[in-house]
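Notes follow the structure.
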Amino acid sequence: QVQLVESGGGLVQAGGSLRLSCAVSGSIFSINAMGWYRQAPGKQRELVAIINSGGSTNYADSAKGRFTISRDNAKNTVYLQMNSLKPEDTAVYYCNALFLVQHPTGWGPTTVEYDYWGQGTQVTVSS
C-alpha cells in the first residue's frame with residue numbers, strides 16, 4: 001500500500017522559515033512529478049511548487065524567490081523549504097505524487113500511473 005507521509009508544519013512568526021517533507025512509502029516503480037499545494041480557509045487548493053523526475057521545477061508566483069522545492073530520489077522524498085514566510089502563507093499544505101506501479105499480469109507486468117495526496121500539514125504564520 002502506497003502512502004504519502006508529510007511532516008514539518010507548524011506555527012512560525014512572519015519572516016521565519018519552515019521545511020516541509022513528504023515521503024512516499026510502498027512498492028512503487030518510479031515517481032514522476034511531486035509537488036506541494038496549499039488550501040487556505042474559504043479558498044481553493046492551489047499549486048505552490050512542483051518538481052519532475054528530471055529535477056525541473058515550477059513555482060507559483062507567490063512562492064518564487066522565497067520557497068525552494070527539492071527531492072531525494074533515493075528516499076522518494078520531496079521537500080519544501082519556505083523562507084520569509086508571510087501571514088498569507090497560512091494554509092494546509094498538501095503533498096502530491098504522480099507515480100508508477102507495476103502490476104503482474106498473465107501477459108507480463110503492466111505499469112499503471114497513480115495520483116496520490118498526503119493528509120496535509122498545517123502551516124500558520126503569525127504577524
Side-chain angles (χ1 to χ4, degrees):
Q1 184 177 359
V2 177
Q3 287 186 315
L4 274 61
V5 180
E6 302 162 350
S7 61
L11 173 64
V12 65
Q13 288 189 333
S17 298
L18 283 174
R19 189 191 194 209
L20 306 183
S21 299
C22 173
V24 181
S25 63
S27 181
I28 58 175
F29 180 69
S30 66
I31 300 176
N32 294 336
M34 297 188 75
W36 289 95
Y37 293 72
R38 68 186 182 187
Q39 187 167 18
K43 295 188 177 181
Q44 288 188 331
R45 190 173 297 187
E46 62 178 7
L47 172 70
V48 177
I50 192 167
I51 184 168
N52 67 15
S53 57
S56 296
T57 58
N58 192 30
Y59 295 91
D61 288 342
S62 59
K64 289 178 181 176
R66 300 187 299 127
F67 295 1
T68 302
I69 189 170
S70 61
R71 61 190 284 177
D72 185 333
N73 291 330
K75 297 181 179 179
N76 289 338
T77 300
V78 65
Y79 306 96
L80 185 68
Q81 177 67 44
M82 302 186 293
N83 299 327
S84 302
L85 282 162
K86 306 174 181 179
E88 50 264 44
D89 293 318
T90 296
V92 178
Y93 283 69
Y94 295 92
C95 173
N96 176 263
L98 198 62
F99 58 91
L100 301 177
V101 174
Q102 279 196 333
H103 297 282
T105 72
W107 301 272
T110 185
T111 302
V112 179
E113 186 176 70
Y114 293 86
D115 186 349
Y116 270 33
W117 292 90
Q119 79 282 1
T121 184
Q122 178 69 46
V123 171
T124 302
V125 184
S126 63
S127 56

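All heavy atoms count here, side chains included; hydrogens, waters and symmetry mates do not.
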Applying side chain to side chain contact (heavy atoms under 4.5 Å, CB included), run through V12 and M82 and close with a yes or a no.
-> CA-CA 11 Å; V12 65; M82 302 186 293; over 6 Å; no
Given the rule in the side chain to side chain contact (heavy atoms under 4.5 Å, CB included) test, do I69 and R71 qualify, once you have shown the distances and angles that lead to the verdict?
-> CA-CA 7 Å; I69 189 170; R71 61 190 284 177; over 6 Å; no
Where do W117 and Y37 land on the ring-ring contact (aromatic ring centres under 6.0 Å, His included) test, with the steps shown first?
-> CA-CA 10 Å; W117 292 90; Y37 293 72; 4.9 Å; yes
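A heavy-atom distance below 4.5 Å is not found between the side chains of Y59 and V48. Between H103 and P109, the closest side-chain pair of non-hydrogen atoms is not below 4.5 Å. Between E113 and L98, some side-chain heavy-atom pair lies under the 4.5 Å cut-off. A 4.5 Å side-chain heavy-atom check between Q39 and E46 finds every atom pair outside the cut-off. Side-chain contact between T111 and V101 is absent, with no heavy atoms from C-beta onward closer than 4.5 Å. With a 4.5 Å cut-off on side-chain heavy atoms, K86 and R66 count as touching. Between L80 and T68 the shortest side-chain heavy-atom distance does not fall below 4.5 Å. Side-chain contact between L85 and Q13 is absent, with no heavy atoms from C-beta onward closer than 4.5 Å.
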Report, one line per pair, each donor and acceptor closer than 3.5 Å where one atom sits in a side chain of residues 49-56; sequence neighbours left out.
from	atom 1	to	atom 2	distance (Å)
N52	OD1	G54	N	3.0
N52	OD1	G55	N	3.0
N52	OD1	S56	N	2.9

Sequence neighbours excluded and cut-off under 3.5 Å, please list the side-chain donor-acceptor pairs for residues 19-27, or say none.
none

Can you list, pair by pair, the side-chain donor-acceptor contacts under 3.5 Å of residues 120-127, counting residues two or more places apart and other chains?
from	atom 1	to	atom 2	distance (Å)
T121	OG1	G9	N	3.3
Q122	NE2	A91	O	3.4
Q122	NE2	T124	OG1	3.3

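In this view, D61 and K64 satisfy the side chain to side chain contact (heavy atoms under 4.5 Å, CB included) rule, not counting sequence neighbours. The ring-ring contact (aromatic ring centres under 6.0 Å, His included) test applied to F29 returns no partner, not counting sequence neighbours. Residues forming a ring-ring contact (aromatic ring centres under 6.0 Å, His included) with F99 (at least two apart in sequence, or on another chain): Y114, Y116.
To the nearest 0.5 Å, the span separating OG1 on T57 from CE on M34 amounts to 14.5 Å. Interatomic distance, NZ of K75 versus CG of N73, reported as 12.0 Å (0.5 Å rounding). Note: L18 CG to N83 CG = 9.5 Å, rounded to the nearest 0.5 Å.
Put simply, the side chain of E6 gets close to the backbone of C95: a donor and an acceptor are under 3.5 Å apart.
When all heavy atoms of L4 and Q119 are compared, the closest pair comes out as O-OE1, 3.4 Å.
Taking the ring centre of Y94 as origin, the terminal cationic atom of R45 falls inside the region bounded by 6.0 Å and 45° from the ring axis.
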